[in-house]
Amino acid sequence: MVPRGPVDTGPVPCRIVVCRDCCCGSPKVTGVDHAHQAARLAEQAPVRITDCLDVCDQANVVVVQPSAEGRAAGGRPAWFGLVNDPAATEDVAAWVRAGGPGLAEMPEILALYAFTPPRRVRSGSLRDAG
């Protein structure tokens, strides 16, 4: 007999939104294996690829959304720009593995990539992407 109803799969992890459109993930950002970057991040948490987040001057943009537990602890989405080398991708992956927003302190090296998106972006594009 197949059980019915919700299946408890444990806590909901962080989610990662990766911008891939006009600048991010395109040949305009040279020297980056964009597919590998998204795949590497997907090893740590669910990844959603989105259209342009309208912060092209920060390409490649990665947004880490807190887990349910992280949000309850006060975590908010963390925006990272210029994530253009494997070391930066690994820094994001390690923070997500540690718990991400609300659960793990952001490492100083990762804080160098953090930025606050314009208000219009925070209220619109990510809602569609997340």
Side-chain angles (χ1 to χ4, degrees):
M1 176 178 245
V2 176
R4 298 194 183 253
V7 176
D8 182 12
T9 59
V12 176
C14 293
R15 304 226 185 261
I16 302 171
V17 178
V18 179
C19 185
R20 292 291 186 258
D21 199 23
C22 60
C23 294
C24 297
S26 79
K28 291 180 185 178
V29 181
T30 61
V32 180
D33 183 339
H34 302 287
H36 181 267
Q37 182 183 56
R40 177 67 185 110
L41 293 171
E43 292 173 7
Q44 303 307 313
V47 169
R48 178 177 231 175
I49 306 297
T50 186
D51 291 340
C52 187
L53 290 173
D54 201 24
V55 284
C56 297
D57 61 322
Q58 296 288 329
N60 283 323
V61 175
V62 174
V63 182
V64 178
Q65 297 176 315
S67 63
E69 184 181 2
R71 185 168 294 281
R76 295 294 171 255
W79 289 65
F80 301 104
L82 306 174
V83 183
N84 296 329
D85 62 63
T89 300
E90 287 305 316
D91 291 336
V92 173
W95 186 52
V96 167
R97 190 170 43 254
L103 299 179
E105 189 169 334
M106 185 185 300
E108 286 182 28
I109 189 72
L110 196 52
L112 296 173
Y113 296 95
F115 73 97
T116 301
R119 185 176 206 61
R120 63 181 160 58
V121 174
R122 282 183 283 156
S123 65
S125 298
L126 188 57
R127 183 176 308 135
D128 297 335

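The minimum heavy-atom distance between Gly70 and Pro66, with the atom names listed, is C-CB, 4.0 Å. Residue Val17 comes nearest to Thr50 through the heavy atom pair CG1-CG2, 3.5 Å, listed as atom of the first residue, atom of the second, then distance. Val29 and Ala59 make their closest contact through CG2-CB, 3.7 Å (heavy atoms, listed as atom of the first residue, atom of the second, distance). Shown here for Ala88 and Val83, the closest heavy-atom pair between the two residues is CB-CG1, 3.9 Å.
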Under 3.5 Å, side-chain donor or acceptor atoms of residues 97-110 against the rest of the protein: list the pairs with distances, not counting sequence neighbours.
residue: Arg97; atom: NH1; partner: Gln44; partner atom: OE1; Å: 3.1

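Pairs engaging residues 16-35 under the salt bridge (Lys or Arg N to Asp or Glu O under 4.0 Å) rule: none recorded [sequence neighbours left out]. Within the structure, ring pair (Phe, Tyr, Trp, His ring centres under 6.0 Å) contacts touching residues 89-111 (residues at least two apart or in different chains) are Phe80-Trp95.
The side-chain contact (heavy atoms from CB on, under 4.5 Å) test with Val62 is passed by exactly one of Val96, Leu82, Val92: Val92.
Tyr113 and Val32 fall into different hydrophobic clusters, where Ile, Leu, Val, Met, Phe, Trp and Tyr residues are linked whenever their side-chain heavy atoms come under 4.5 Å apart, directly or through other members.
Evaluation of the salt bridge (Lys or Arg N to Asp or Glu O under 4.0 Å) rule for Arg40 yields Glu43, Glu90 as partners, not counting sequence neighbours. By the side-chain hydrogen bond (donor to acceptor under 3.5 Å, both in side chains) test, Asn84 is found to be paired with Asn60, residues two or more places apart in sequence or in another chain being considered. Considering only residues two or more places apart in sequence or on other chains, Ala38 meets the side-chain contact (heavy atoms from CB on, under 4.5 Å) condition with Ile49.
To the nearest 0.5 Å, atom OG of residue Ser26 and atom NE2 of residue His34 are 6.0 Å apart. Atoms CD and SG, on Glu69 and Cys14 in that order, are 10.0 Å from each other to the nearest 0.5 Å. Here the straight-line distance linking atom CD of Gln65 with atom CZ of Arg76 works out to 12.0 Å at 0.5 Å rounding.
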